[in-house]
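Because only heavy atoms are used, hydrogens play no part in the values below, and waters and symmetry mates are left out as well, while side chains stay in. Below, read A as the first sequence line, B as the second, and so on, with proteins coming before strands; counting in each chain starts at 1.
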Amino acid sequence: MVSKNLNPQQLEAVKKINGPVMIIAGPGSGKTRVITERIAFLLESGIDPKHILALTFTNKAANEMKQRVFKLTNSEQSFRLWMGTFHSVFAKILRIEGYRLNYSENFSIYDNDDSIKIIRRIVKDFNLDKDDYNPRFLYSKISILKNRLIDWKKYSMSNEFLENDKIRKQERFLDIYKQYSEFCFKSNSMDFDDLLINTHKLFKYHTDTCEKYQNIFKYIMIDEYQDTNLVQDSIVQQLSDKHKNICIVGDDSQSIYSFRGANINNILRFKSVFKETTEFKLEQNYRSTKNIVNVANNLIKNNFQKIDKTIFSNNEMGEQVDIIEYYNDREEGQKTAETINSIRPSLNNLNQVAILYRNNSQSKAFEDALRKFGISYKIFGGLSFYQRKEIKDIIAYFRLILNNNDEESLLRIINYPSRGIGSTTVQKLRDFAKKNDETIWKILSHNLDKININSGVKNKLLEFRNILKKLFEMHNDNVFNIAQSLENEIGIIKKLSLDENDENLNKLQNISELFNSLKLFSLKEYNNSLKDFINEISLDETKDKNEISNKVNLMTIHQSKGLEFSHVFVTGLENGIFPSARSVKNKSGLEEERRLLYVAITRASKKIKISYCQNRFQFGTIQSTEKSMFLEELKDCTNYIYKNEYLEQRAVNNIYKQKKSINNNKRMTFMPTSLKKVKYTNYRDIRGLNKGMKINHNIFGAGSILSVDENHGNEKITVLFENFGKKILLTKFAKFEIIK
DNA sequence: CGGTAGAATATTTTT
DNA sequence: TATTCTACCG
């Protein structure tokens, strides 16, 4: 039954299930609720869940939605919905249909790091100057082109593009683009953008396949439509062309992903593409106080490009929004922590507090200060577990096992751990491979004789080949067994254990965590093959984000999208940082930064403090800054707090002195940076676990213990989780706490 | 070929 | 500052 707590517009939007629908939903207007209720309503109306496709942008959003639909309908049906990110749903389709584009089902998925590495290698091969051809820049250029459906062939046909490259002294760009695309294809691999453009290609050139999916996805819903790019928009049109039951939800004022090719015009012109569109506007903000909504409105009205709407709140006025000036970033951290400390007693949970910043590097000052006050915090972003070097190395072996032609993975591990195959040899292999249009693996497996190398090197290559052969044969084995065999063959753990410095210990810890999760994965009842494992981790990095914790949240504003906190600190409002230096070069960039600030402000329900610093420690030096131009726009509706500069400076100098002495004392024992980002596993040997006990697991949440199995030292428990069903955990490794 | 030390370089946001 | 790259020596 559809919930009765919806307001009239929300209810109407939920019930209009046929034909194109556009829901413009302001921040805090109950957007997610409308989507979940709508899905529930579809199910109630007797529509088979397999005909419903719900797309989101982040895994976090997808997971949350899944759980909410499940709670709402309380039915197993909800698990049969097609729900996920664009990338994950399309990857699933491409695994099945990719053969039509000459990919095999085991294609690898390259992440940004892989892509940049490949491009860097190509630039080197071409003997080009790294300054003129910055791999990062090239990658983002390629990515944006792909998202605009311009492949290298199309690019080569545009005189305008080629002329431009000449002027910019990047005449070889086309060659690089081509080489990169061919490298990926030859490796039977797709980068993130390929997942989209190949889906588009598939539907465009194989109309029967397109029709097949049109008939599967009879009802399509897309969240955050303002963040779609051209490919995504095009695929959505392909899929909905037949039944036209498409519902998009979004807020143009929260479009903040243009760097990824998101085009705000997709939502602005939706109505003209789908002529019969019914439009709903959700303008009431249920989240924030009147003051906060007022400030947000005052900010966003400075943007030119937007859909007309009036966000209002019927909540209480609330406190004024503060804008605070600090002497430097250290003080900003200090005072923010101090404020949090002082309001701590009035909060029932610290997770109601968020410190938001423009880029990840700003987190440091806050971390230091919070630690000093003994306030626990949770930091989002930074390196995800699967991006760590030692983990990626092992994953590279796994990827190679599944996809023997994955050239990037092979090049990554051909001499890791070092086995006497140096760069000269690798270069010979690569040259030969290129000449014969083959992958290195193919040469290793049957063409080694044709390469001019001495017998010592050849033996080493043969040894390497034999290791791979052995591993390749295992591709269907239990994942944990594969991992163990891998360790037997390459002995990476053994090697790291020989020299137990901090860095190696940290690596070992991460690797053992990987092995633990492989063990757990292998214990699943189904979908527990290596293929499933790699699939899961290539696109999902939200592993441990939904733990319920009494911790302050530190994150970038991008990461905060869709979330809500009672107290929000928006920090670093300085020109060059927020708005970022790059964005001010053009008007649309600046408007996007303004939307970003809009998103930040509208995260808060009760209280916001916006701050900036006169000086900031950046690039290893102290630099004086200029306060953000956005603050000028908020002058009349906020409460400005200036500082007495002289006093502050003295205080700040003291802070720096302190800091210095700490540094000197601890220099030797300073944690390596990689260690700081680690989430510690509590290796515990929990005794006294009993049937019926309630526990809270860091990933699966709450559940109760069904049985305990002593299993000589490897104690296992079977737990029924409220949201994830039955799981077997090894208590030695699992991270959880006993609730009662 | 492998390891290391010291130089060079980079800093937006994410799937 | 933090990370990645390069040059050099064993």
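- Counting to the nearest Å, the C1' atom of dT1(C) and the CG atom of D368(A) are 12 Å from each other.
- Using a 4.0 Å heavy-atom criterion, one finds that S88(A) contacts no nucleic acid atom at all.
- Of the side-chain N and O atoms in S418(A), none sit less than 4.0 angstrom from OP1 or OP2 of dC1(B).
- At a threshold of 4.0 Å, the pair K31(A)-D251(A) does not count as salt-bridged, since none of the basic side-chain nitrogens sits closer than that to a carboxylate oxygen.
- A salt bridge does not link K364(A) to D329(A): none of the charged side-chain nitrogens sits closer than 4.0 Å to a carboxylate oxygen.
- Distance I142(A) CD1 to dT15(B) P: 21 Å, rounded to the nearest Å.
- No side-chain N or O of Y133(A) forms a donor-acceptor pair with one of Q170(A) less than 3.5 Å apart.
- The listed nucleotides are dT13(B), dT15(B), dC1(B); the one nearest the side chain of T424(A) is dC1(B).
- Once the 5.5 Å centre distance and the 30° plane angle are applied, the aromatic ring of F259(A) is found stacked with the base of dT13(B).
- When rounded to the nearest whole Å, the span between OH of Y139(A) and P of dT13(B) equals 14 Å.
- Proximity of T425(A) to the phosphate of dC1(B): a side-chain N or O atom is located under 4.0 Å from OP1 or OP2.
- F57(A) comes within contact range of the sugar-phosphate backbone alone, with a heavy-atom separation under 4.0 Å but no base atom that close.
- Contact check on R419(A) versus E463(A) returns no salt bridge, with no Lys/Arg side-chain nitrogen under 4.0 Å from an Asp/Glu carboxylate oxygen.
- Remark on DNA chain B: of its neighbouring residues L596(A) and G420(A), the 5'-side contact belongs to G420(A), judged by nearest-heavy-atom nucleotide.
- Here dT15(B) presents its P atom at 10 Å from CG of N112(A), a figure rounded to the nearest Å.
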Side chain to side chain contact (heavy atoms under 4.5 Å, CB included) evaluation trace for F90(A) with L202(A):
CA-CA 11 Å; F90(A) 295 162; L202(A) 178 73; over 6 Å; no
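- For residues 553-565 of chain A, the salt bridge (Lys or Arg N to Asp or Glu O under 4.0 Å) pairs, not counting sequence neighbours, are E224(A)-K561(A), D227(A)-K561(A), R287(A)-E564(A).
- Y139(A) and Y180(A) have perpendicular rings, their planes meeting at more than 60° on a 0 to 90° scale where under 30° would count as parallel.
- Rounded to whole angstrom, the span from the NZ atom of K389(A) across to the P atom of dT3(C) amounts to 9 Å.
- Following rounding to the nearest Å, N360(A) (CG) and dT3(C) (P) show an atom-to-atom distance of 12 Å.
- Between dC5(C) and R120(A), a contact under 4.0 Å exists linking OP1 or OP2 to a side-chain N or O.
- Nearest-nucleotide assignment on DNA chain B puts the 5′-proximal partner with V457(A), out of Y257(A) and V457(A).
- For N459(A) and dC1(B), the CG to P distance is 15 Å, given to the nearest whole Å.
- Proximity of a side-chain donor or acceptor of S628(A) to a complementary backbone N or O of F578(A) within less than 3.5 Å is detected.
- Considering only side-chain N and O atoms, S538(A) lies nowhere under 4.0 angstrom from the phosphate OP1 or OP2 of dT15(B).
- Rounded to whole angstrom, the span from the CD1 atom of I622(A) across to the P atom of dT1(C) amounts to 11 Å.
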Could you run down the sub-3.5 Å N/O contacts of the protein with nucleotides 8-11 of chain B?
unit_1, atom_1, unit_2, atom_2, d
dT11(B), OP1, R136(A), NE, 3.3

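- Looking at heavy-atom distances under 4.0 Å, N415(A) makes contact with sugar-phosphate atoms alone, never a base.
- Residue-to-nucleotide contacts include no donor-acceptor pair under 3.5 Å from the side chain of D111(A) to the base of dT15(B).
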